[in-house]
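Numbering starts at 1 and runs along the sequence shown.
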Amino acid sequence: MAWSIASIPDQTGRIAVVTGANSGLGYHTANALAARGARVVMACRDTVKAETAAAAIRANYPAAEVETRPLDLADLASVATFAEALSAEVGHIDLLINNAGVMALPLTRTRDGFEMQVGTNHLGHFALTGRLLPKLEAAPAGRIVTVASLAHRTGNLNFEDLNWQQRRYDKWRAYGQAKLANLVFALELDRRLRAAGNRVVSVAAHPGFAATNLLMAGPRMENSALGKAAMALGGALLAQSADRGAIPILHAATTADLAPGGYWGPNGAFELWGRGVVPAKSTGAARSEKKGAALWSLSESLTGVSWLTAG
């Protein structure tokens, strides 16, 4: 069945935090939530782009309640500052959508020394979620949506060298590892929340093959005009639009009584595109409780943010 903004229940009175909301999936997610009455906090590294995006949402929906706040997931100090400031100003958070990410970068490191893809996509969101959990617990029905990817199927978690300090770096393998980490985290978070009797819900979603800024900028053959043209043409012909890619994310964020621990994607062939939403397929590695526990422990150690610790 087709799904659209009109399918979203009324969000009036709810507070949603969307990371990477200035473009692509994050923008369309923020736009749809604001359209349905949510107060949306657009958490973005580039505040100038964020303000431009917020202005566009207000132009679309003059009554929209949107605000921008600086958040650099590649800097744990920025994560702590963002979470502390927001927590001091709001009584609760209803939705946290862990959307921001980078893809297929040359070897780059975060301010804290992590490989940029796993540091931004996973470790930054791990720390952010832990710091905001008390405000999600204060909501009547707090929910965390982590944006994963079909690329998780190519990923492998190397717990001895998560940050590519010993191995020869491969940007695509690093991206697969980062997106697998996203899904492993979402499912392990679900297990820990339920074990603690916590009413906050953790789910995941992926956009299929969507024409986002990651697709159009991230994976290009860096110095090849032919490579750039081929990627742009492939995206234009094969990828679905970013607003359609946001549909599984919005479904996971707003569908009432959604079962905890779910993973959602487009309903078309091979989960690449579609106007509807179906339960998505995940790998055994993504569902592994052993890997989930190991990633959680390592993430706590690396970020210094300990929460929902087992035992």
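Under the 6.0 Å cut-off for aromatic ring centres, F114 and W164 do not qualify, their centroids lying 6.0 Å or more apart. H125 has its ring centre no less than 6.0 Å from the ring centre of F185.
Between E137 and the choices L193, V200, L132, the side-chain contact (heavy atoms from CB on, under 4.5 Å) rule is met once, by V200.
With no hydrogens or angles considered, no side-chain donor-acceptor pair links N156 and Q177 at under 3.5 Å. Checked by atom type, the side-chain pair N31/N60 shows a donor-acceptor distance below 3.5 Å.
With hydrogens and angles disregarded, no donor-acceptor distance shorter than 3.5 Å links the side chain of H28 to the backbone of L25. Proximity of a side-chain donor or acceptor of T19 to a complementary backbone N or O of A43 within less than 3.5 Å is not detected.
Ring planes of F126 and H122: tilted class, angle from 30 to 60°. A perpendicular orientation is assigned to the rings of H152 and Y263, their planes being inclined by more than 60° (bins at 30° and 60°).
Looking only at side-chain heavy atoms (C-beta outward), S299 and L123 come within less than 4.5 Å of each other. Between L73 and L71, some side-chain heavy-atom pair lies under the 4.5 Å cut-off. Counting only heavy atoms from C-beta outward, the side chains of I144 and V201 never approach each other to under 4.5 Å.
Remark: E67 engages R39 in a salt bridge, criterion side-chain N to carboxylate O under 4.0 Å. For the pair E271 and R153, the salt-bridge criterion is met [side-chain N within less than 4.0 Å of a carboxylate O]. In summary, R58 and E65 do not engage in a salt bridge, as defined by a charged side-chain N under 4.0 Å from a carboxylate O.
Evaluation of the ring-ring contact (aromatic ring centres under 6.0 Å, His included) rule for F82 yields no partner, not counting sequence neighbours.
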